Amino acid sequence: MSVSSSGGNNTLVNNPKTLAEVFHNHIVRQGQDRIRIDKMRNQLVDNVSKTTEISVEFLNEGVAKAYMNESRLNAITSDLQFQVRTLAAEADNWLKVMNKFNESLKELGDVVNWTDCINYEVSLINQTLHRNGYRGDNDAVGLSSTGADGPRKKPSMWDDGHVEIILRTDLAAQILFDR
């Protein structure tokens with residue numbers, strides 16, 4: 001812009017716009033800029049809101065899946081705990097049954113051992129009686145021929161490999177120690 005002085009008036013040369021027009025154009029541009037900035041701000045807010053919603057939905061889906069998985073795991077865990085308690089009770093019952101069975105086997109073994117011992121002792125008594133010449137005479141070894149229910153019959157020494165012996169306790173002990 002150049003200013004010329006002719007007659008004392010200062011006029012703008014080559015610029016047909018006046019100061020009022022410049023001011024008016026400035027105000028209009030500012031308004032347009034504000035409108036454009038407001039639109040951009042609104043778009044930015046909308047975009048941020050949409051992004052936030054998408055992020056929250058995505059996170060919520062993950063949290064919902066985790067919650068559902070946790071619920072299923074809790075249900076499975078409680079079911080497994082019940083099954084473990086049931087299995088432990090059954091195992092305990094089986095252990096009790098097996099212990100009773102084992103004890104019965106021990107008692108049976110004791111009975112078999114006892115019968116073997118009695119068999120051995122009767123065999124010893126039989127051998128001792130045979131060695132000492134017992135031939136069925138009750139008086140030879142101090143046996144009584146009469147009992148509480150009348151006379152007893154003489155035992156047969158060699159009846160099927162078994163000996164029927166009726167002895168007093170002290171006589172049985174004496175025969176066993178005299179071997």
Side-chain angles (χ1 to χ4, degrees), residues 1-127 160-165 167 169 172-173 176-177 179:
M1 270 200 274
S2 58
V3 176
S4 71
S5 61
S6 59
N9 284 351
N10 288 337
T11 61
L12 292 174
V13 181
N14 297 329
N15 195 353
K17 297 181 181 180
T18 62
L19 188 59
E21 288 176 10
V22 172
F23 183 71
H24 176 69
N25 288 341
H26 174 71
I27 298 287
V28 170
R29 251 186 282 136
Q30 262 188 338
Q32 290 172 348
D33 286 345
R34 281 189 188 143
I35 291 172
R36 194 181 81 235
I37 290 172
D38 284 342
K39 280 183 183 180
M40 289 173 51
R41 184 180 298 135
N42 289 339
Q43 286 177 349
L44 181 65
V45 169
D46 287 343
N47 290 340
V48 168
S49 294
K50 288 177 184 177
T51 304
T52 304
E53 286 178 28
I54 292 171
S55 298
V56 167
E57 286 177 10
F58 178 75
L59 291 175
N60 282 342
E61 286 177 14
V63 170
K65 285 180 183 178
Y67 179 75
M68 299 268 295
N69 289 341
E70 181 184 7
S71 297
R72 276 188 265 154
L73 287 174
N74 286 340
I76 291 170
T77 301
S78 68
D79 185 43
L80 285 176
Q81 286 174 344
F82 175 76
Q83 289 177 2
V84 165
R85 282 192 298 268
T86 303
L87 181 63
E90 288 177 6
D92 191 43
N93 288 339
W94 271 103
L95 185 61
K96 288 177 184 176
V97 167
M98 290 304 297
N99 284 339
K100 286 181 183 178
F101 180 73
N102 192 24
E103 194 62 34
S104 297
L105 281 178
K106 285 180 183 178
E107 289 175 5
L108 182 62
D110 290 344
V111 168
V112 169
N113 187 34
W114 178 78
T115 58
D116 288 345
C117 289
I118 293 296
N119 233 356
Y120 177 74
E121 290 175 0
V122 167
S123 174
L124 283 178
I125 291 171
N126 185 22
Q127 289 172 6
D160 291 333
H162 296 287
V163 177
E164 185 179 350
I165 302 174
L167 298 172
T169 308
L176 286 175
F177 288 118
R179 298 191 241 175

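If you're wondering where the values come from, they're calculated on a predicted model, not measured in any experiment. Excluded from the calculations below are hydrogen atoms, water molecules and symmetry mates; all remaining heavy atoms, backbone and side chain alike, are included.
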Could you tell me which residues satisfy side-chain contact (heavy atoms from CB on, under 4.5 Å) with [X], sequence neighbours excluded, listed by chain and number?
| X | answer |
| --- | --- |
| Q43 | none |
| K39 | I35 |
| E103 | K106, E107 |

* **Set of residues satisfying salt bridge (Lys or Arg N to Asp or Glu O under 4.0 Å) with respect to D38, sequence neighbours excluded** => R41
* For residues I27 and Q30, determine if any side-chain heavy atom of one lies less than 4.5 Å from a side-chain heavy atom of the other. =>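 Sidechains of Q30 and I27: in contact.
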Please round to the nearest 0.5 Å and tell me the distance separating atom [atom1] of [X] and atom [atom2] of [Y].
| X | Y | atom1 | atom2 | answer |
| --- | --- | --- | --- | --- |
| L95 | K100 | CG | NZ | 11.5 Å |
| L80 | L87 | CG | CG | 11.5 Å |
| T86 | Q81 | OG1 | CD | 11.5 Å |
| E70 | N74 | CD | CG | 5.5 Å |
| Q127 | Y120 | CD | OH | 8.0 Å |

* **Test: R29 and D33 ion pair at under 4.0 Å** => no
Residues 111-118 side chain polar contacts: donor-acceptor under 3.5 Å, at least two apart:
{"unit_1": "T115", "atom_1": "OG1", "unit_2": "V111", "atom_2": "O", "d": "3.3"}
{"unit_1": "T115", "atom_1": "OG1", "unit_2": "V112", "atom_2": "O", "d": "2.7"}

* S123 side-chain N/O to N119 backbone N/O, donor-acceptor pair under 3.5 Å ->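 A pair under 3.5 Å: no.
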List, one per line, each side-chain donor-acceptor pair under 3.5 Å for residues 50-62, sequence neighbours excluded.
{"unit_1": "T51", "atom_1": "OG1", "unit_2": "N47", "atom_2": "O", "d": "2.8"}
{"unit_1": "T52", "atom_1": "OG1", "unit_2": "V48", "atom_2": "O", "d": "2.7"}
{"unit_1": "S55", "atom_1": "OG", "unit_2": "T51", "atom_2": "O", "d": "2.9"}
{"unit_1": "N60", "atom_1": "ND2", "unit_2": "V56", "atom_2": "O", "d": "3.4"}

